[in-house]
> 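Below are the structure tokens for one structure; questions will follow.
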Amino acid sequence: MNHPKNLSTKYPSRKAYALVDGNNFFASCEQVFNPKLLRKPIGILSNNDGCIIARSNELKQLGVPMGTPKFKWNKFLQSHDVHLFSANFSLYGDMSKRMMMTLTSIVPSIEIYSIDEAFLDCSMFPPSELNKLATRIYQTVPRWIGIPVGVGIAPTKVLAKIANHFSKKHQCPFVIYFDKIADSLRDLPIKDVWGIGRRLTKKMNALGIFTAYDFYKKDEEWVKQRFSIIEQKLHKELQGKPVLHLNRTANKKSICVSRSFEKSVSHKEYLFDAVSCFLNSAVEKLRRQESLAGLLHIFIQTNRFHKGNYYSGMDIIRLTHTNETSQFLQSARRSFDKIWKPHSYKRAGVILSDFISIKDYQPTFFENENLNPKLQKLQKTIDTINKTHAKQQMGIASVGHLMKNWKMNRKNLSPAYTTRIEDLIKIHI
DNA sequence: TCTGGGGTCCTAGGACCC
DNA sequence: TCTGGGGTCCTAGGACCC
């Protein structure tokens with residue numbers, strides 16, 4: 001299809017990035033363990049079975065849009081015999097790990113971009129081998145873990161995204177070489193470029209830019225005068241000049257845990273119990289990445305689809321950097337009492353941010369009592385038990401004891417195929 | 001009746017300081 | 001009626017992504 005002619009002599013130090021992603025990832029995960037579902041229309045539902053958040057090709061072809069509320073399509077889904085599943089994130093997370101390990105074994109330099117997507121730095125491969133490499137990735141992942149993937153390789157991350165788009169379209173691995181960039185962009189609508197959303201598409205169109213090529217051929221000064229730094233970077237990337245590099249640190253800059261409730265929650269203590277639970281698991285994630293947080297953000301919201309008296313309360317608390325659940329809980333209690341008003345709440349959540357690494361932590365004179373060594377040890381033990389056994393087996397006694405009053409609804413959950421032995425056995429019956 | 005969750009980056013505007 | 005000019009830091013909110 002495309003050949004790496006002259007590249008090795010012409011651009012000896014050129015970069016190459018691959019973007020690999022699982023096709024219809026969540027749907028494919030369900031199909032791996034239940035092959036009867038292959039070539040069937042299947043949909044994955046969000047928490048509370050509210051929206052359709054992933055679709056197999058067959059469901060896409062039926063015209064069911066992404067993110068649509070399920071209740072609006074109930075009749076249609078039934079009449080077309082669509083198989084629906086509640087999102088089984090522990091299954092998808094486990095399959096994701098396997099996919100990433102497979103990719104790492106082929107190209108060690110990897111950035112995990114999302115649950116189903118990774119960038120690989122392929123610069124160490126000579127251009128003449130990129131086609132072979134793309135093919136190898138394209139074949140190995142489905143062979144090893146059963147998930148089909150799209151593979152695109154190009155001189156920049158933005159172009160790799162585009163190459164991946166062509167990979168999906170033509171159902172083959174796809175490489176964009178530096179001297180073929182313009183050809184690849186010629187008929188690509190500007191809205192399909194990574195980073196160009198609704199608002200930017202409108203602005204671009206107003207300036208006479210309709211394809212990626214239209215933007216590509218503008219000169220730097222023209223772009224600088226009309227756009228912010230985001231679009232200037234994007235423009236460079238489209239021209240094959242890499243400005244976005246591989247980010248290999250897996251650590252997050254913020255951690256958010258939030259949920260919508262099956263039924264609205266009006267009781268103050270039930271709602272606080274939910275907030276405590278979210279906080280508990282957020283702080284657990286914080287410890288897993290060995291960070292301390294200095295900012296806690298909590299929010300509670302009524303149903304945003306009910307016009308009229310929508311209420312959204314939130315508070316941000318600065319605290320001495322910590323990873324101790326009890327410290328967060330104390331602050332959360334004060335904030336919660338501040339923002340709570342009698343309403344029926346539909347959603348609540350917490351966000352942790354302003355992280356420092358626990359390794360860099362140097363207690364100052366005033367803070368040196370902040371991290372209690374005994375408590376640190378105890379927390380570590382609890383985290384380990386929760387990691388190796390079922391989730392949330394152990395914890396602070398006051399957290400989650402009212403859970404039955406705010407829990408989520410997941411009626412169509414598939415078995416935990418990869419983590420529960422009983423379910424592994426079931427597959428073979 | 002029923003409408004997801006978790007991220008990143010950038011910008012504008014206010015507070016404060018010299 | 002007059003009401004500096006920058007700089008920095010912080011936060012709220014927008015835009016975008018998966």
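Bear in mind the structure is a predicted one, so any value in this text is a computation, not a measurement. Throughout, protein chains are lettered first and strands after them, A, B, ... in sequence-line order, and every chain is numbered starting at 1.
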> Is A/Arg318 close enough to C/dC10 that one of its side-chain N or O atoms is under 4.0 Å from OP1 or OP2 there?
no
> On DNA chain B, compare the nucleotides closest to A/Ser258 and A/Phe71; which residue's is nearer the 5' end?
A/Phe71
> Measuring to OP1 and OP2 of B/dC9, would you say a side-chain N or O of A/Lys233 lies under 4.0 angstrom away?
no
> State whether a side-chain donor-acceptor pair under 3.5 Å links A/Asp315 with A/Ser335.
yes
> Can you tell me if A/Arg304 touches the phosphate of B/dG4, counting only side-chain N or O atoms and a distance under 4.0 Å to OP1 or OP2?
yes
> Among C/dC18, C/dA12, C/dC16, which is the nearest nucleotide to the side chain of A/Ile316?
C/dA12
> Between A/Asn164 (side chain) and A/Leu19 (backbone), is there a donor-acceptor pair under 3.5 Å?
yes
> Return the pairing partner of C/dG6 with a 3.5 Å limit on both distances, Watson-Crick or G-U wobble; otherwise return none.
B/dC17
> Starting at CZ of A/Phe299 and ending at C1' of C/dA12, how long is that distance when rounded to a whole Å?
15 Å
> In terms of side-chain geometry, is the basic nitrogen of A/Asp183 or A/Lys180 positioned less than 4.0 Å from the acidic oxygen of its partner?
no
> Rounded to the nearest angstrom, tell me the gap between atom CD1 in A/Ile229 and atom P in B/dT11.
7 Å
> Distance check needed: C/dC17 P versus A/Leu19 CG, whole Å only.
14 Å
> Quickly work out the A/Lys253 NZ to B/dC10 C1' distance and round it to whole Å.
12 Å
> Compare the minimum distances between each of B/dT8, C/dC16, B/dG5 and the side chain of A/Ser254, then state the nucleotide with the smallest one.
B/dT8
> From the set C/dC18, B/dT3, B/dT11, return the single nucleotide nearest to any side-chain atom of A/Pro69.
B/dT3
> Quick one: CD1 on A/Ile255 to CZ on A/Phe278, what's the gap to the nearest 0.5 Å?
16.0 Å
> Using a 4.0 Å heavy-atom cut-off, does A/Leu45 contact any base of the nucleic acid, only the sugar-phosphate backbone, or nothing at all?
nothing
> Ion pair present between A/Lys40 and A/Asp81, side-chain N to carboxylate O less than 4.0 angstrom?
no
> Just compare B/dC2, C/dC16, B/dT8 and give me whichever is closest to any side-chain atom of A/Lys252.
B/dT8
> Where the side chain of A/Tyr113 is defined as all heavy atoms beyond and including C-beta, which of B/dG4, C/dC18, B/dG6 is the nearest nucleotide?
C/dC18
> Verify the distance criterion only: is there a donor paired with an acceptor across the side chains of A/Arg347 and A/Ser258 at less than 3.5 Å?
yes
> Could you tell me how far C/dC17 sits from B/dG4 if I compare only their C1' atoms? Round to whole Å.
15 Å
> Below 4.0 angstrom from OP1 or OP2 of B/dG5, is there any side-chain N or O of A/Arg347?
yes
> Considering only B/dG6, B/dG4, B/dC2, which nucleotide approaches the side chain of A/His306 most closely?
B/dC2
> Would you mind reading off the distance between A/Asp315 atom CG and C/dA12 atom P, rounded to a whole angstrom?
10 Å
> Please report the distance, rounded to the nearest Å, between CZ in A/Arg55 and C1' in B/dG4.
15 Å
> Nearest to the side chain of A/Trp194, heavy atoms from C-beta on, is which of C/dC17, B/dT3, C/dC16?
C/dC17
> NA contact type, A/Val193, heavy-atom cut-off 4.0 Å: base, sugar-phosphate, or nothing?
sugar-phosphate
> Which part of the nucleic acid does A/Lys203 contact within heavy-atom distance under 4.0 Å: base, sugar-phosphate only, or nothing?
nothing
> Expressed in whole Å, how much space separates the C1' atoms belonging to B/dC16 and C/dC2?
23 Å
> Checking all strands, does A/Ile115 fall into the base, sugar-phosphate, or nothing category for heavy-atom contacts under 4.0 angstrom?
nothing
> Scan A/Asn74 against the nucleic acid and name what it touches under 4.0 Å (heavy atoms): base, sugar-phosphate only, or nothing.
nothing
> Consider the side chain of A/Ser260, meaning its heavy atoms from C-beta on, and name the nucleotide among C/dC16, B/dG4, B/dT3 that approaches it most closely.
B/dG4
> Check for a donor-acceptor pair, side chain of A/Gln327 on one end and backbone N or O of A/Thr322 on the other, with a separation under 3.5 Å.
no
> In whole angstroms, how far is the P atom of B/dA12 from the CD1 atom of A/Ile230?
11 Å
> Establish, with yes or no, whether the OP1 or OP2 oxygen of C/dC17 is under 4.0 angstrom from a side-chain nitrogen or oxygen of A/Lys161.
no
> Nearest whole angstrom, please: distance from the P of B/dG5 to the CD1 of A/Ile44.
16 Å
> Taking for each residue the nucleotide of DNA chain B with the nearest heavy atom, is it A/Ile255 or A/Phe89 whose nucleotide lies nearer the 5' end?
A/Phe89
